[in-house]
Amino acid sequence: MAVQPPQPPNGMRDHLPEDYRERLALADRIRGIYAKYGYAPIETPALEKVEVLRGSDPENEKLMFEVLKRGEKLEEAKGAGEGLSDLALRFDLTLPLARFYAANRAKLPPIFRCQHIGPVWRADRPQKGRFREFMQCDVDVVGSASPALEAEVILATAEVFRTLLGEGFRVHLNDRRLLTAFLNQAGIPDEKHPTALIALDKLDKIQEEGVRKELAERGIPEAQSAALLAALQAPGDLAKLHPEAAAAMASIQKLTEGQAKVVFDPHLVRGQGYYTGPIFEVRMAEFSGAMAGGGRYDGLIGRFLGTPVPAVGFSIGFERLLLVLKEKNVPLAAGGSPQVFVPLTEAALQERAFALGAALRAKGLNVVVQPEPGKLVAQLKTADEVLGIPFAALLEADGKVVIKHLKTRTSGQPLSVEDAAEDLGKRFSA
RNA sequence: GUGGUUGUAGCUCAGUUGGUUAGAGCGCGAGAUUGUGGAUCUCGAGGUCGCGGGUUCGAAUCCCGUCAGCCACCCCA
């Protein structure tokens, strides 16, 4: 090792072929399921103007990778003591979607359903299931406040999990308005709401006693936290607390009944500050955090457009889903790998090897042709063990082709090029 | 952002209380043998022990820093 090759940045990864084929296969499966619900694919840039991403939540701004202004603008900003960055990498897909909708509204249908899959970046410290560059898979519906759409995005998301992992997951459901009502009822002042919510969210992890302790540490008086926890323990009549939220949740549960396990969880909070109504998360025993998260954000698009437009979305954590799929050894059909290897033992046969490769490709096969002559043994070994190619097409001296199955090391009868191509083509056409 | 832990050949790992030229298996290369099909045998290449400082007569080993991986916290997908 003469030099130390540079590694990817902290928390970001290279994806080798085997790994990447799985990622493509998983993304395809998800796209296909989203498409069943009529969600049209869109893409938005990795970078957004900082002001688009800013202002939703101060917590997010710490996680934002910002991009320096360029050239004279940078020097001016330094001189004037202004902000040095004007762009930033997106840290989720919801803010870019809101911006996208506001910018393209005229060309979009009154109720716009879309799927949005791509990488996002957060300057977090990496750990299990957490990266600084990772994929999210969002479905969003813009243009209607109907809780039927919460039900719809939940069903689409649940179908992804059910298809790939079976029934071992639950959708937790709550409503931001309800949480606020609970906090108000317990006498907790508005300015303490955010800090109190963070503590509430941890019930799973630290139990009720832990939450009580943490609320105290966050400056919530004992009487208030006791009232809050008691209310969450026995929520009583939600309709009295917040009629709209209660009605929305009832509707969501009715429309998803029998198709997804949706459970009311009064402790569910969700981090993003832009949620305004129902919020939801996919959880499963195999992972301690959320596998997917979403909710209604009726105020976000209005920030860019001036007039409010209701919207709801659900985002799958692609990396976490992939992590669980791998832990459970769920196979992902990974297409696109080479199917036939054409060895080359003598330089004089190169043209014929190329022609054989072309004939096989014409049948739709993925073919690797050996570029320079070498020992047949070594070529077949590499093809089988390193490249994982199932078949070899061996050129015989008389111009015939022998098909060999590399794993079993069994050869067929010599065939003409056409017959061999036909034969191999059939083996992969199923 | 905080804390813990790991880093030795392309890969998986050994390396004693600090002590000469740092090892193995697999892989790689050459040769022999084999029926030009993966075997077997012989030989060989490949490491500034993540990087940078420090302690010491002497550091892969001890200390500090740094980078990267993993784990937890914070927060989140």
Side-chain angles (χ1 to χ4, degrees), chain A residues 1-14 16 30 56-64 90-94 116-139 157 160-161 169 194-195 197-199 201-202 204-206 210 214 217-218 268-273 275 279-284 287-295 313-324 341 343-346 349 373-386 392 394-397 402 404-411:
Chain A
M1 199 181 355
V3 291
Q4 283 252 326
Q7 297 299 119
N10 185 356
M12 307 194 187
R13 299 160 296 163
D14 291 324
L16 274 62
I30 295 171
S56 65
D57 192 332
E59 195 64 40
N60 286 329
E61 296 185 22
K62 291 193 291 187
L63 300 176
M64 213 154 72
R90 62 189 180 197
F91 53 81
D92 73 8
L93 296 175
T94 305
H116 194 188
I117 295 180
V120 303
W121 293 265
R122 292 184 195 173
D124 232 341
R125 193 121 151 218
Q127 64 178 70
K128 186 174 187 186
R130 190 161 88 182
F131 305 94
R132 301 182 97 170
E133 176 180 62
F134 62 100
M135 295 272 287
Q136 287 193 328
C137 309
D138 281 38
V139 277
T157 301
V160 170
F161 282 89
F169 69 94
T195 186
L197 287 173
I198 289 169
D201 201 15
K202 295 187 190 173
D204 272 11
K205 232 172 221 175
I206 59 179
E214 186 152 340
E217 283 162 10
R218 289 170 183 273
L268 177 68
V269 173
R270 305 278 320 131
Q272 301 302 336
Y275 291 125
I279 48 180
F280 25 87
E281 251 178 37
V282 172
R283 299 216 190 136
M284 50 198 308
F287 190 82
S288 67
M291 299 288 296
F314 209 164
S315 177
I316 295 177
F318 183 87
E319 315 297 341
R320 292 177 177 182
L321 177 54
L322 193 59
L323 186 82
V324 173
F341 175 67
L344 183 65
T345 49
E346 297 169 48
L349 294 175
K375 282 190 181 172
L376 184 62
V377 194
Q379 292 180 32
L380 294 177
K381 186 173 175 174
T382 303
D384 180 25
E385 293 175 10
V386 182
L394 284 73
L395 271 173
E396 301 284 289
V402 169
K404 175 158 181 130
H405 188 243
L406 293 173
K407 275 276 176 299
T408 57
R409 301 182 198 182
T410 51
S411 310

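Each chain gets a letter, A, B and so on, in the order its sequence line appears, and its residues count up from 1.
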Min side-chain heavy-atom separation [X]-[Y] under 4.5 Å:
| X | Y | value |
| --- | --- | --- |
| A:Asp92 | A:Arg122 | yes |
| A:Leu394 | A:Leu376 | yes |
| A:Arg218 | A:Ile198 | yes |
| A:Thr157 | A:Val282 | yes |

What is the nucleic acid contact for [X], judged by heavy atoms within less than 4.0 Å: base, sugar-phosphate only, or nothing?
| X | result |
| --- | --- |
| A:Arg270 | sugar-phosphate |
| A:Leu321 | nothing |
| A:Leu394 | base |
| A:Gly294 | nothing |
| A:Gly293 | sugar-phosphate |
| A:Met291 | sugar-phosphate |
| A:Arg218 | sugar-phosphate |

Tell me whether the side-chain N or O atoms of [X] pair up with the base of [N] as donor and acceptor below 3.5 Å, since no angle test is needed here.
| X | N | result |
| --- | --- | --- |
| A:Arg125 | B:G3 | yes |
| A:Asp384 | B:G38 | yes |
| A:Arg130 | B:C70 | no |

CG-CD1 distance between A:Leu322 and A:Ile316, expressed to the nearest 0.5 angstrom: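 If I round to the nearest 0.5 Å, the distance is 12.5 Å.
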When you measure from the side chain of [X] to the backbone of [Y], do you find a donor-acceptor pair of N or O atoms at a distance under 3.5 Å?
| X | Y | answer |
| --- | --- | --- |
| A:Gln379 | A:Leu344 | yes |
| A:Arg90 | A:Pro119 | yes |
| A:Arg132 | A:Met12 | no |

Considering only atom [atom1], compute the distance from [N] to [M] and round it to an integer number of Å.
| N | M | atom1 | value |
| --- | --- | --- | --- |
| B:C49 | B:G23 | P | 14 Å |
| B:G7 | B:U12 | C1' | 14 Å |
| B:U20 | B:U66 | C1' | 32 Å |
| B:C57 | B:A14 | P | 32 Å |
| B:G10 | B:C28 | P | 15 Å |
| B:C73 | B:A60 | P | 37 Å |
| B:U17 | B:C62 | P | 11 Å |
| B:U6 | B:G65 | P | 15 Å |

Is there aromatic stacking of A:Phe318 against B:A77, centre distance under 5.5 Å, plane angle under 30°?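 The base of B:A77 is not stacked with A:Phe318 (the test needs centres under 5.5 Å and planes under 30°).
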Does [X] place a side-chain N or O at less than 4.0 Å from the phosphate oxygens OP1/OP2 of [N]?
| X | N | answer |
| --- | --- | --- |
| A:Arg283 | B:A77 | no |
| A:Gln127 | B:C70 | no |
| A:Lys62 | B:C74 | no |
| A:Lys128 | B:G69 | no |

Picking from [options], which would you name as closest to the side chain of [X]?
| X | options | answer |
| --- | --- | --- |
| A:Ala290 | B:G69, B:A77, B:G4 | B:A77 |
| A:Gln136 | B:G69, B:A77, B:C74 | B:A77 |
| A:Asn10 | B:C75, B:U36, B:A68 | B:A68 |
| A:Glu319 | B:A77, B:G4, B:C75 | B:A77 |

Should A:Arg13 and A:Glu133 count as an ion pair when the cut-off is N to O under 4.0 Å?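 A salt bridge is absent here (no side-chain N lies under 4.0 Å from a carboxylate O).
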What I want to find out is whether A:Arg130 reaches A:Asp124 closely enough, with some N-O distance under 4.0 Å, to be called a salt bridge.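 Salt bridge flag = yes for A:Asp124 with A:Arg130.
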Over how many whole Å does the gap from [X] atom [atom1] to [N] atom [atom2] extend?
| X | N | atom1 | atom2 | answer |
| --- | --- | --- | --- | --- |
| A:Leu63 | B:C74 | CG | C1' | 10 Å |
| A:Ile198 | B:C73 | CD1 | C1' | 14 Å |
| A:Leu322 | B:A77 | CG | P | 18 Å |
| A:Glu281 | B:C75 | CD | P | 13 Å |

Measure centre to centre between the rings of A:Phe280 and A:Phe314, then say whether the value is under 6.0 Å.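 Yes - the distance between ring centres of A:Phe280 and A:Phe314 falls below the 6.0 Å cut-off.
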Paired stems touching RNA chain B, three or more consecutive Watson-Crick or G-U pairs with both distances under 3.5 Å?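 Detected stem regions: B:1-7 with B:67-73, B:10-13 with B:23-26, B:28-32 with B:40-44, B:50-54 with B:62-66.
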Carefully, step by step, assess A:Phe341 and A:Asp384 under the rule side-chain contact (heavy atoms from CB on, under 4.5 Å). CA-CA 9 Å; A:Phe341 175 67; A:Asp384 180 25; over 6 Å; no
Restricting both atoms to N or O, compile the protein contacts to nucleotides 39-44 of chain B shorter than 3.5 Å, with distance only.
none

